[in-house]
Amino acid sequence: MRYIEFGNTGKRVSVIALGCMRMASLDVLKAEAVVKASLESGINFFDHADIYGAGKSEELFAQVLKRNPSLRDRIFIQSKCAIRSGLYDFSKRHILASVDGILRRLGVDHIDCLLLHRPDALMDLDEVSSAFSELKTSGKVCSFGVSNMNRFQMELLGCAIENNSSVIITANQLQLSLVHTPMIDEMFNVNTKFDGAIVRSSGTLEYCRMKDIIVQCWSPLQKGFFQGVFLGDPEYGKLNDVLNSLAEEYKVGPDAVAYAWLLRYPARMQVIVGTMSPDRIESASHAADFDLTREQWYELYRAAGNSLP
Ligand SMILES: NC(=O)c1ccc[n+]([C@@H]2O[C@H](COP(=O)([O-])OP(=O)(O)OC[C@H]3O[C@@H](n4cnc5c(N)ncnc54)[C@H](OP(=O)(O)O)[C@@H]3O)[C@@H](O)[C@H]2O)c1
């Protein structure tokens, strides 16, 4: 496993992280097995959101922590807020109330990072800044980040909190996988008339690199928006052939190659894996054991159905 510094928290986090969105479907013993498999594989980072399983994922995680009291100090817990039924809400009142709910459900006195889950068009910058300040001062949240935001939205938020030296945007969690690459297509197709030139993220990955913001890739194996995994899917035959051949070369699973493709991008990367299978968690951890070559990285991009201009 490889570890990176997480902003100014003084903590080092694993580049493979466990996403707990699907934990709500487990019982406590299975959830405990998932957490233990993660730790045994070197994964110390757990990603939650207040909406996962309508709060049940956080509650289950709390039961695992209760059964293993020494665990809290060894792990990094991140959660998210701001998605409400039918709207997104960055109001100070909602952010503060959400964090209280997160802490109550997780049964902890602080979380290591809070992300704003999806951009709120009506965000009031002073309210967000003030909410972050209060959460930091009270010790309820150690660091902050965003999710699904583009470069300009991060800049906008950054302007509001730039005088607040104790608060910085540490991470942006974005959908990125071998079969979901609009942010990368944009890089190759600048000023062409190909569809890849359509600007969907406004240089978000480049901005994260420039500002040392960690890119957290969500749904690293999913087709579309939760439509099943591309591994083993005949629709992605060429991609699977290349993944399997590289898996053989590096003596890992094809899943690890797909994650390694994300880790090879030269920003500060984390992959948020969503499997709830202890064996697949162990397999995922090997993505950090090797680096794909430039040729292999491009070959995978092309095998996923992309062409270069
Ligand atoms: N910020 C956001 O807006 C946002 C949105 C979505 C998700 N997320 C975060 O990202 C995390 C990961 O998302 P995700 O769960 O969609 O990611 P994923 O890792 O792409 O998908 C996980 C799903 O794929 C299955 N799977 C994994 N490996 C497989 C394999 N080799 N063969 C067949 N099935 C396989 C898993 O089943 P098994 O459990 O049986 O292995 C699980 O159902 C979430 O937990 C959440 O923390 C964030």
Side-chain angles (χ1 to χ4, degrees), residues 13-14 16-27 30-31 33-35 37-38 41 43 45-53 55-58 60-61 76-84 88 102 106 111 113-120 145-150 153 171-181 183 201 204 214-236 239-240 243-244 247 252-263 269-287 304:
V13 296
S14 50
I16 300 293
L18 190 84
C20 298
M21 180 175 75
R22 298 172 195 268
M23 190 170 269
S25 63
L26 308 182
D27 61 28
K30 283 196 175 133
V34 161
V35 173
S38 304
S41 301
I43 295 170
F45 189 104
F46 296 86
D47 179 64
H48 285 272
D50 54 358
I51 56 165
Y52 293 164
K56 197 171 168 220
S57 289
E58 289 177 335
L60 261 171
F61 199 84
F76 191 104
I77 302 180
Q78 171 175 279
S79 193
K80 316 184 201 73
C81 71
I83 297 184
R84 289 174 50 198
Y88 306 130
I102 288 167
L106 283 169
I111 51 171
C113 185
L114 175 74
L115 304 186
L116 298 176
H117 209 153
R118 278 199 173 272
D120 171 12
V146 296
S147 179
N148 305 305
M149 275 201 189
N150 70 21
Q153 291 165 327
N172 189 0
Q173 193 171 115
L174 297 150
Q175 185 174 13
L176 184 60
S177 74
L178 264 165
V179 302
H180 185 88
T181 52
M183 294 188 294
S201 87
T204 295
I214 296 172
V215 175
Q216 299 181 339
C217 312
W218 62 261
S219 285
L221 298 183
Q222 293 290 310
K223 303 178 283 181
F225 206 69
F226 313 127
Q227 286 162 338
V229 297
F230 57 82
L231 290 183
D233 183 335
E235 199 190 323
Y236 295 93
L239 175 60
N240 277 290
L243 284 169
N244 289 330
V252 295
D255 53 343
V257 179
Y259 302 139
W261 186 82
L262 296 166
L263 293 177
M269 304 299 286
Q270 277 189 297
V271 180
I272 316 287
V273 303
T275 180
M276 290 291 118
S277 143
D279 288 347
R280 287 180 179 152
I281 290 169
E282 198 272 332
S283 176
S285 69
H286 295 296

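Read the numbers this way: they start at 1 and go in the same order the structure lists the ligands and their atoms. Below, each value reflects all heavy atoms present in this structure, side chains not excepted, and no hydrogens, waters or symmetry copies.
Annotation: side chain of Y52 is in contact with side chain of K80 (closest heavy-atom distance under 4.5 Å). A heavy-atom distance below 4.5 Å is not found between the side chains of I102 and H48. Within the 4.5 Å cutoff, no side-chain heavy atoms of Y88 are placed close to those of P119. Residues F230 and L243 form a side-chain contact, since some pair of their non-hydrogen atoms from C-beta on lies under 4.5 Å apart. Side-chain contact check for V229 versus Q222: some heavy-atom pair is nearer than 4.5 Å. Side chains of P254 and N240 form no contact here, defined as non-hydrogen atoms less than 4.5 Å apart.
Among all non-hydrogen protein atoms, the one lying nearest atom 8 (N) of ligand 1 is Y52 OH, 3.3 Å. Nearest protein neighbour of atom 44 (C) of ligand 1, counting heavy atoms only, is M21 CB, 3.5 Å. Nearest protein neighbour of atom 21 (O) of ligand 1, counting heavy atoms only, is Q222 NE2, 2.9 Å. Here the heavy atom of the protein found nearest to atom 40 (O) of ligand 1 is R280 NH1, 3.2 Å. Ranking protein heavy atoms by distance to atom 47 (O) of ligand 1, first place goes to D47 OD2, 2.6 Å. Atom 17 (O) of ligand 1 has its closest protein heavy atom at S219 CA, 3.3 Å. For atom 6 (C) of ligand 1, the closest non-hydrogen atom of the protein is W218 CE3, 3.1 Å. Taking atom 28 (N) of ligand 1 as the reference point, the nearest protein heavy-atom neighbour is L221 CD1, 3.4 Å.
Ring geometry for F46 against F61 counts as tilted: the plane angle lies between 30° and 60°, on a 0 to 90° scale.
For the pair M21 and F226, the tightest heavy-atom approach, listed with the atom from each and the gap, is CE-CE2, 3.7 Å.
The proximity of S147 to ligand 1, defined as any non-hydrogen pair under 4.0 Å, is limited to the side chain. If you look at N148 next to ligand 1, the close heavy atoms, those under 4.0 Å, all belong to the side chain. Contacts between V229 and ligand 1 below 4.0 angstrom, taking non-hydrogen atoms only, involve the side chain exclusively. With a 4.0 Å heavy-atom cut-off, ligand 1 is reached by the backbone of T275 and by its side chain too. Under 4.0 angstrom from ligand 1, there are no non-hydrogen atoms of Q175. The residue S177 has no part lying near ligand 1, judged by heavy-atom distances below 4.0 Å.
Looking at ligand 1, you won't find any N or O of Y259 less than 3.5 Å from one of its N or O atoms. Residue G274 has at least one N or O atom closer than 3.5 Å to an N or O atom of ligand 1. Residue F226 has no nitrogen or oxygen atom sitting less than 3.5 Å from a nitrogen or oxygen atom of ligand 1, judged on distance alone.
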message: Checking V13 against Q78 for the side-chain contact (heavy atoms from CB on, under 4.5 Å) test, could you report, in this order, the C-alpha distance in whole Å, the side-chain angles of both residues, the deciding distance, and whether it holds?
response: CA-CA 11 Å; V13 296; Q78 171 175 279; over 6 Å; no

message: Please evaluate residues D47 and Q270 with respect to the criterion side chain to side chain donor-acceptor pair (under 3.5 Å), reporting the C-alpha separation (whole Å), side-chain torsions for both, the decisive distance (0.1 Å), and the verdict.
response: CA-CA 11 Å; D47 179 64; Q270 277 189 297; over 6 Å; no

query: Passes side-chain contact (heavy atoms from CB on, under 4.5 Å), M276 versus L26? Steps please.
result: CA-CA 8 Å; M276 290 291 118; L26 308 182; 3.7 Å; yes

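Residue-ligand proximity, L231 to ligand 1, at heavy-atom distances under 4.0 Å covers atoms 31 (N). Annotation for ligand 1: atoms under 4.0 Å from non-hydrogen atoms of P220 are 17 (O), 18 (P), 19 (O), 20 (O). Residue Q173 approaches ligand 1 through these ligand atoms, each under 4.0 Å from one of its heavy atoms: 1 (N), 2 (C), 4 (C), 8 (N), 9 (C), 48 (C). Every atom of ligand 1 with a heavy atom of H117 under 4.0 Å away is listed here by number and element: 1 (N), 2 (C), 3 (O). Set against the non-hydrogen atoms of C20, the atoms of ligand 1 under 4.0 Å away are 45 (O), 47 (O).
Environment of NZ in K223: crowded, with over 12 heavy atoms of neighbouring residues, nucleotides or ligands closer than 6.0 Å.
From S147, atom OG reaches atom CD1 of I83 across 7.5 Å, with rounding to the nearest 0.5 Å.
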